[in-house]
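This report refers to the structure that appears directly beneath it.
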Amino acid sequence: MIILSIESSCDETAAAVTLDGRTVLANEVFSQADLHALYGGVVPEIASREHIKAVDKLADAALRTAGIGKTDIDAIAVTYAPGLIGALLVGVSFAKSAALGLGVPLIPVHHMRGHIAANYIAFPELEPPFLCLVVSGGHSMIVGADSYTSFRIIGTTRDDAAGECFDKVARVLGLGYPGGPAIDKLAQSYTGNPVNFNLPIGRVDGREFDCSFSGLKTVIVNIAHNAVQKGEALDKAALTSAFSQAVSDALVPRTIEAAIRFGYDKIAVAGGVAANSRIRADLERACSEKMLALYRPPLKLCADNAAMIGCQGYYEFLAGTRAGSDLNGIASLSIERGYQHP
Ligand code: KG4
Ligand code: ZN
């Protein structure tokens with residue numbers, strides 16, 4: 001089954017062609033990051049306008065790369081939630097007209113389910129159930145993937161997402177946008193002994209698998225502002241190294257503990273922050289100690305792309321999920337909720 005998939009939930013416009021879910025024939029991504037970097041973060045209105053300019057060209061490019069024509073497409077999959085509503089609507093509108101014009105089914109896909117599905121592309125042998133650490137610009141969750149289309153949230157952030165925290169800290173340290181890759185690079189360059197900046201690991205009373213990043217973010221902002229006010233030099237490499245470790249310490253032990261507690265013997269990672277080298281290394285060490293299998297997709301599949309949407313779309317299709325021309329974008333939607341007709 002050949003699926004043309006569209007992704008436009010944030011600042012990447014993407015189109016892909018997948019065969020039977022896991023085989024990627026084309027995966028075209030246009031990142032708007034440089035445009036948003038001028039403003040230090042994603043400007044929703046600009047994102048929508050850029051998606052409109054790019055979406056049809058990317059779909060054409062995906063078909064060309066895959067070496068197929070429009071009549072070879074069996075279904076259209078599209079990210080319909082969660083994300084920036086104006087941005088989502090561009091992809092949803094394009095997908096609806098494509099499905100209608102071609103007379104093929106339209107499959108609505110939850111963006112975070114798509115991130116998890118990136119693992120199926122990278123690891124052909126992987127099948128649910130497994131536990132997934134899902135960490136992106138908007139979400140930080142420990143999710144049980146119990147089947148291809150049923151998910152349970154075991155832990156989640158009570159405030160900021162891990163990626164949001166990376167982006168904010170990078171902004172305050174003058175490292176640009178998107179902040180995650182810049183912080184990762186600087187932290188990796190630090191070769192000195194770890195410096196104790198007294199960074200907090202957020203805890204939520206009575207919810208041991210939940211996390212919180214707003215306190216950590218505030219402490220870093222204060223450290224940076226204090227240094228400026230006192231005219232002191234700040235060792236940004238040491239600070240980003242300690243910060244990356246604090247984020248990893250908030251996520252990795254909880255993920256391992258959740259796997260043991262809920263009986264999962266496989267752990268996967270998903271989302272943009274899953275590209276972080278500290279988190280990846282700490283997970284590897286912890287999983288090998290506890291004899292848990294670990295799945296870490298390559299960086300390109302961790303970031304937003306449409307192949308992951310096509311892959312999850314295939315499994316949603318097999319489970320009977322279809323949308324009609326009344327499909328709408330939804331800005332906020334739990335990963336646990338399947339698609340419901342309006
Ligand atoms: O999944 P994603 O591409 O988009 C969303 O669905 O949000 O995630 C983007 C987030 C950004 O916050 C970005 O700074 C972060 O992922 N990110 C990283 C790294 N690469 C991207 N954070 C930490 N380390 C990285 N290497
Ligand atoms: Zn994403």
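Scope of the values below: all heavy atoms of this structure, side chains included, with no hydrogens, waters or symmetry mates. When a ligand or atom number is given, it counts from 1 through the structure's own listing order.
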Once you restrict to heavy atoms under 4.0 Å, what part of [X] touches ligand 1? Side chain, backbone, both or neither.
X      : answer
Asp167 : side chain
His139 : neither
Asp304 : both

Notebook entry, point to check: How wide is the angle at the Zn ion (ligand 2) between NE2 in His115 and OD1 in Asp304, to the nearest 10°?
Noted result: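 About 90° at the Zn ion (ligand 2).
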
Looking only at protein heavy atoms, which one is nearest to [atom], and how far off is it?
atom                    : result
atom 15 (C) of ligand 1 : Val273 CG2, 3.9 Å
atom 26 (N) of ligand 1 : Asp184 OD2, 2.9 Å
atom 18 (C) of ligand 1 : Gly180 CA, 3.4 Å

Where ligand 1 meets [X] - atom numbers and elements under 4.0 angstrom, heavy-atom basis:
X      : result
Gly138 : 7 (O)
Asn276 : 23 (C), 24 (N), 25 (C), 26 (N)
His111 : 6 (O)
His115 : 1 (O), 6 (O)
Gly163 : 12 (O)

Ignoring hydrogens and geometry, is there a side-chain-to-backbone donor-acceptor pair from [X] to [Y] under 3.5 Å?
X      : Y      : answer
Lys217 : Cys165 : no
Arg322 : Leu106 : no
Asp282 : Arg285 : no
Arg254 : Glu208 : yes

[X] near ligand 1, heavy-atom distance under 4.0 Å?
X      : result
Glu12  : no
Cys10  : no
Arg278 : no

Under 3.5 Å, is there a donor-acceptor pair linking the side chains of [X] and [Y]?
X      : Y      : result
Tyr314 : Asp74  : no
Glu7   : Ser5   : no
His111 : Asp304 : yes
Glu232 : Asn226 : no
Glu28  : Thr65  : yes

Checklist line | Heavy-atom nearest option to atom 5 (C) of ligand 1, drawn from Gly137, Pro82, Gly83 | finding: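 Checking each option, the heavy atom nearest atom 5 (C) of ligand 1 is found in Gly137.
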
Notebook entry, point to check: Counting heavy atoms only, which of Ala33, Ala118, Gly272 is nearest atom 16 (O) of ligand 1?
Noted result: Gly272

Item checked: Heteroatom test (N, O or S) for His111 near the Zn ion (ligand 2), limit 2.8 Å ->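 It does; at least one qualifying atom falls short of 2.8 Å.
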
Note to self: Within the 4.5 Å heavy-atom criterion, are Tyr120 and Met308 side-chain neighbours or not?
What the structure shows: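 Contact flag for Tyr120/Met308 side chains = no.
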
Margin query: Atom CG of residue position Asp326 - does it have more than 12 heavy atoms of other residues, nucleotides or ligands inside 6.0 Å?
Written below: yes

